[in-house]
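In what follows, residues are counted from 1 in the order of the sequence shown.
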Amino acid sequence: MDGLIDGLVARHVDHLRVQRRLAERTLAMYGDAFKRLHAMCDQHKLALPDVRPHHVRGWTARLHAQGLGPRSIAITLAAWRGLFKWLGREGVVQVNPVDGIKPPKAVKPLPKALSVDQAVALANHQPEADDTAASPAAQTRREHEAPWLHARDHAMIELLYSSGLRSAELLGLDVAASNEAKGWIDLQAGEAHVLGKGSKWRIVPVGQAAMKALAAWLDMRAALTPPQCEALFISRLGGRLTPMQLRNRLKQLAQQAGLPTHVHPHMLRHSFASHLLQSSSDLRAVQELLGHAHISTTQVYTKLDFQHLAKVYDAAHPRAKRQRDKP
């Protein structure tokens, strides 16, 4: 490194480590960013005070062309921006050449959804207890737990897929409506009242399969739960089920059902939206059911719908088949 650049960057890194107390991983990423900056300055024979915005814009484009991802470029620009801001306070530079320069936009990954067959297979799955290595006492406990656990899990899966609930909305449901409740099921109307993001209430329909599963669960729940527990879905200890417990249980059930992907609660919400949109094409209705504040958030599912149609086309259209079979 050039002596001046090397010394200034070293002082700045010390500032980040001691004064800002940045994590070692962050410091390592910033160190890579400063190496890129030095390489650019060295190539153009520039001192740090001579760097201008058009230099930074060009270097950003070059990094992108070289295959550096948008997130890595964003971290690089953040490191450079912080360095020049610090150099300004030290009186080394007059302007910050990185101000106002943005990294290329990252492509947002599409939400992962199950196919209809996978979602139905998960909902219909009957869990099998593995008692081969269990003690007699453990086997007895599992045999006692199995019916109510299956009833609870079945009701949760059906509700997540039937109504597109978020995990927090599902776990916030109480058995009955009250002033303190964050959600409940109206069994007469077949509707779920849930408190979603932004403390906004919404009402979503509950399908017949979910209503049937709920009825079976409620019959068992009454004998398991102390009167003071209002939670609709409870753990083995009788308290409200936690998000971690829900995720772990769903992952386990999906593996038992033979699903070829890691399933989490939000994937069932994605599946609900994608399958509903494929059938109805009513984007506004799906937006309301999901509780999205902006239609742009819901529009991502149109891309999933297009992916589904593209797969159908590739599998069925004779021209597509010929194109695919070409060597």
Do W80 and L27 land in one hydrophobic cluster if side-chain heavy atoms of ILVMFWY residues count as linked below 4.5 Å?
yes

Any idea which heavy atoms bring S162 and F272 closest together, and the distance?
O-CE1, 3.3 Å

Listed partners of A155 passing side chain to side chain contact (heavy atoms under 4.5 Å, CB included), at least two apart
A213, L214, W217, F233

Polar side chain donor-acceptor pair, R236 to Q245, under 3.5 angstrom
no

Please determine if D174 and K182 form a salt bridge, counting it only when a charged side-chain N lies under 4.0 Å from a carboxylate O.
no

I want to check something: taking the side chain as every heavy atom from C-beta on, are L218 and L187 in contact at a cut-off of under 4.5 Å?
yes

Nearest heavy-atom approach of S235 to W148 is O-CH2, 3.8 Å

Where does the angle between the aromatic ring planes of H270 and H266 fall among parallel (under 30°), tilted (30 to 60°) and perpendicular (over 60°)?
perpendicular

Side-chain contact, heavy-atom cut-off 4.5 Å: L290 with V204?
no

Under the 3.5 angstrom rule, does the side chain of R221 hit a backbone N or O of A231 as a donor-acceptor pair?
yes

So do R240 and I234 actually touch side chain to side chain, heavy atoms under 4.5 Å?
no

Answer whether the closest heavy-atom distance between the side chains of L48 and L37 falls below 4.5 Å.
yes

Contact check, side chains of H264 and K251, non-hydrogen atoms, under 4.5 Å
no

F84 side chain reached by P49 side chain, heavy atoms, under 4.5 Å:
no

Between Y30 and H12, is the ring centroid distance below 6.0 Å?
no

Quick test of your reading of the model: are R202 and E169 salt-bridged, counting only N-O distances below 4.0 Å?
yes

Connected to W201, directly or through other members, by ILVMFWY side-chain contacts below 4.5 Å are W184, L195

If every non-hydrogen atom of G164 is compared with every non-hydrogen atom of R269, which pair is closest and at what distance?
O-NH1, 2.6 Å

Atom of A33, atom of A79 and distance for their closest heavy-atom approach:
CB-CB, 3.6 Å

Taking all heavy atoms of R89 and all of H15, pick out the closest pair and write down the distance.
NH2-NE2, 3.8 Å

Kindly indicate whether the side chain of D153, heavy atoms from C-beta on, has any atom under 4.5 Å from the side chain of R249.
yes

